[in-house]
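In listed order, ligands and their atoms are each counted from 1. Position 1 is the first residue of the sequence, and the numbers go up from there.
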Amino acid sequence: MSVAEAQTSTDSLAGGSIPEHVAIIMDGNGRWAEHRSKPRHAGHRAGVAPVRKIVEHAARRGVSYLTLFAFSSENWRRPKSEVSKLMGLFIEALQRELNSLHRNNVKLRFIGAREQLQDRLCNRIEAAEARTAANTGLTLIVAVAYGGRWDMVNAARRLAEGVAEGKLQIGEIDEALFSEALALGGVPDPDLLIRTGGERRISNFLLWNLAYAELYFCDCLWPDFSEDVFDAALEFYARRQRRYGNTQKQLGIA
Ligand code: IPE
Ligand code: IPE
Ligand code: MG
């Protein structure tokens, strides 16, 4: 089923609620390759197919926003050859997948320190965003050269500029305004975070936005990620009680 068709179907999980925004830390590519005595890059290559599958599947399940962590601000520390092959893979994958994403009504958006990326990738990103800007289906957000701390510092700078230019009063700065100044400004916070690869940490992903996300960690390595694992995460999410600091009684649950 195409993403476009999927969005009109009501093929959602029985019972529980579907998260509006799912964020995924796609981890474990290197280990996947090492287990097969292949170079790490083979793992990154093998990680493209599950992205395609999961974009379609998330739309089919009724998810509105899917944010994927593809490259962190700390990943620049990796060996030059791994970084450069990864950047090449991003360019290639974007080129290869763009037509079908567009056909499927997916709106693409990138977050991260774009100025750190090579021009060739930057140009592709801008073209992909422009081409899919009017699409009304799933919003796919890809985090490249992204770090949660970078994002918050950036937001603080933006707000400080507003104050310096006299467009904003210090007293007007509140949580809503700060959220707006972040890379995901205008996008609802992730309801569910999935991390593959067995680690139970955030690794400087959406530090502000994940404040109330439900966290799902699985041992599956990213290249092995499947619709079934995604559905298991949705089942886990559907069983959570989101209290946001309230008591069960206040929420009429107890
Ligand atoms: C995630 O897989 C992809 C990126 C961080 C770019 P890793 O490359 O971190 O894989 P492991 O964790 O070493 O197995
Ligand atoms: C997090 O994975 C970043 C991405 C998946 C893009 P890492 O493999 O870089 O995280 P750490 O280093 O294990 O915390
Ligand atoms: Mg890793």
Side-chain angles (χ1 to χ4, degrees), residues 21-55 58 65-97 108-118 120-122 124-125 140-154 182-184 187 190 192-210 213 215-226 229-230 233:
H21 185 173
V22 177
I24 308 183
I25 301 178
M26 308 182 289
D27 195 22
N29 295 350
R31 278 164 285 162
W32 183 92
E34 278 153 25
H35 294 166
R36 287 163 179 73
S37 306
K38 289 182 175 175
R40 290 178 59 81
H41 186 63
H44 297 315
R45 277 201 166 276
V48 178
V51 170
R52 190 184 307 128
K53 266 198 299 199
I54 281 332
V55 169
Y65 298 90
L66 180 66
T67 299
L68 303 178
F69 204 6
F71 190 87
S72 75
S73 42
E74 288 70 34
N75 289 148
W76 291 116
R77 297 174 184 154
R78 292 191 177 192
K80 263 202 176 107
S81 62
E82 180 170 345
V83 171
S84 99
K85 285 200 184 101
L86 262 170
M87 294 299 145
L89 182 62
F90 293 150
I91 292 171
E92 188 189 314
L94 194 50
Q95 161 131 327
R96 195 154 20 92
E97 304 296 332
L108 256 172
R109 184 162 157 184
F110 287 78
I111 55 172
R114 223 173 262 206
E115 67 285 355
Q116 294 173 4
L117 304 175
Q118 37 183 274
R120 234 153 56 91
L121 178 53
C122 228
R124 289 258 159 85
I125 284 176
L140 172 62
I141 300 158
V142 186
V144 181
Y146 176 87
R149 289 180 173 177
W150 163 86
D151 196 358
M152 287 197 271
V153 167
N154 228 25
L182 289 163
L184 283 186
V187 174
L192 170 66
L193 171 77
I194 300 171
R195 180 172 186 147
T196 61
E199 308 297 352
R200 279 142 175 84
R201 55 180 173 247
I202 302 293
S203 298
N204 197 18
F205 197 23
L206 300 158
L207 295 179
W208 171 282
N209 317 68
L210 291 172
L215 308 178
Y216 185 82
F217 298 104
C218 58
D219 291 333
C220 162
L221 303 173
W222 177 254
D224 294 326
F225 196 75
S226 63
V229 185
F230 189 83

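For atom 13 (O) of ligand 2, the nearest protein heavy atom lies closer than 4.0 Å.
Classification of the Trp222-Phe225 ring pair by plane angle, with boundaries at 30° and 60°, yields parallel. Relative orientation of the His21 and Tyr65 rings is tilted, given thresholds of 30° and 60° on the angle between their planes.
When atom types are taken as modelled, the side chain of Arg36 and the backbone of Trp32 share a donor-acceptor pair closer than 3.5 angstrom. Of the possible donor and acceptor atoms, none in the side chain of Asp151 sits under 3.5 Å from a partner among the backbone N and O of Gly148. The backbone N or O of Asp27 lies less than 3.5 Å from a partner atom in the side chain of Thr196, making a donor-acceptor pair.
Counting the atoms of ligand 2 from 1 in the order shown, those under 4.0 Å from a heavy atom of Ile25 are 1 (C), 5 (C). The contact set between ligand 1 and Leu86, taken as ligand atoms under 4.0 Å from a residue heavy atom, comprises 6 (C). Close contacts between ligand 2 and Arg201 involve ligand atoms 11 (P), 13 (O), 14 (O) [criterion: under 4.0 Å to a heavy atom]. Listed by number with element, the atoms of ligand 1 under 4.0 Å from a non-hydrogen atom of Arg31 are 11 (P), 12 (O), 14 (O). Each of the following atoms of ligand 2 lies closer than 4.0 Å to a heavy atom of Phe71: 6 (C).
The part of Arg40 lying near ligand 1 is the side chain, judged by heavy-atom distances below 4.0 Å. Contacts of Asn75 with ligand 1, taken as heavy-atom pairs under 4.0 Å, involve the side chain alone. The residue Ser72 has no part lying near ligand 1, judged by heavy-atom distances below 4.0 Å. With a 4.0 Å cut-off on non-hydrogen atoms, Met26 touches ligand 1 through its backbone and not its side chain.
For Glu34, the closest heavy-atom approach to ligand 1 does not fall below 4.0 Å. Residue contacts with ligand 1 include Arg78, since one of its heavy atoms falls under 4.0 Å from the ligand. Heavy atoms of Gly197 stay at 4.0 angstrom or farther from ligand 1. Under the 4.0 angstrom criterion for non-hydrogen atoms, Gly43 is not in contact with ligand 1.
Nearest heavy-atom pair, Ala213 versus Pro190, reported as atom, atom and distance to 0.1 Å: CB-O, 3.5 Å. Taking both residues in full, the closest heavy atoms of Asp219 and Gly198 are given as OD1-CA, 3.4 Å, listed atom of the first, atom of the second, then distance.
Taking each of Glu199, Glu74, Arg195 in turn, the one with a heavy atom nearest to atom 2 (O) of ligand 2 proves to be Arg195.
At most 12 non-hydrogen atoms from other residues, nucleotides or ligands lie less than 6.0 angstrom from CZ of Arg77. The environment of CZ in Arg114 is crowded: more than 12 heavy-atom neighbours from other residues, nucleotides or ligands sit within 6.0 Å.
For Glu92 and Arg45, the salt-bridge test passes: some basic side-chain N is under 4.0 Å from an acidic carboxylate O.
Remark: minimum distance from atom 6 (C) of ligand 1 to any protein heavy atom is reached at Ala70 O, 3.3 Å. When only non-hydrogen protein atoms are considered, atom 7 (P) of ligand 1 lies nearest to Asp27 OD1, 3.5 Å. Given atom 10 (O) of ligand 1, the protein heavy atom at minimum distance is Gly30 N, 2.9 Å.
Asp27 lies close to the Mg ion (ligand 3), since one of its N, O or S atoms is found at a distance under 2.8 Å.
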Can you check side chain to side chain contact (heavy atoms under 4.5 Å, CB included) on Asn75 and Glu82, steps first, answer last?
-> CA-CA 10 Å; Asn75 289 148; Glu82 180 170 345; over 6 Å; no
For the pair Ser203 and Arg195, evaluate side chain to side chain donor-acceptor pair (under 3.5 Å) and give the outcome as yes or no after the intermediate values.
-> CA-CA 10 Å; Ser203 298; Arg195 180 172 186 147; 2.8 Å; yes
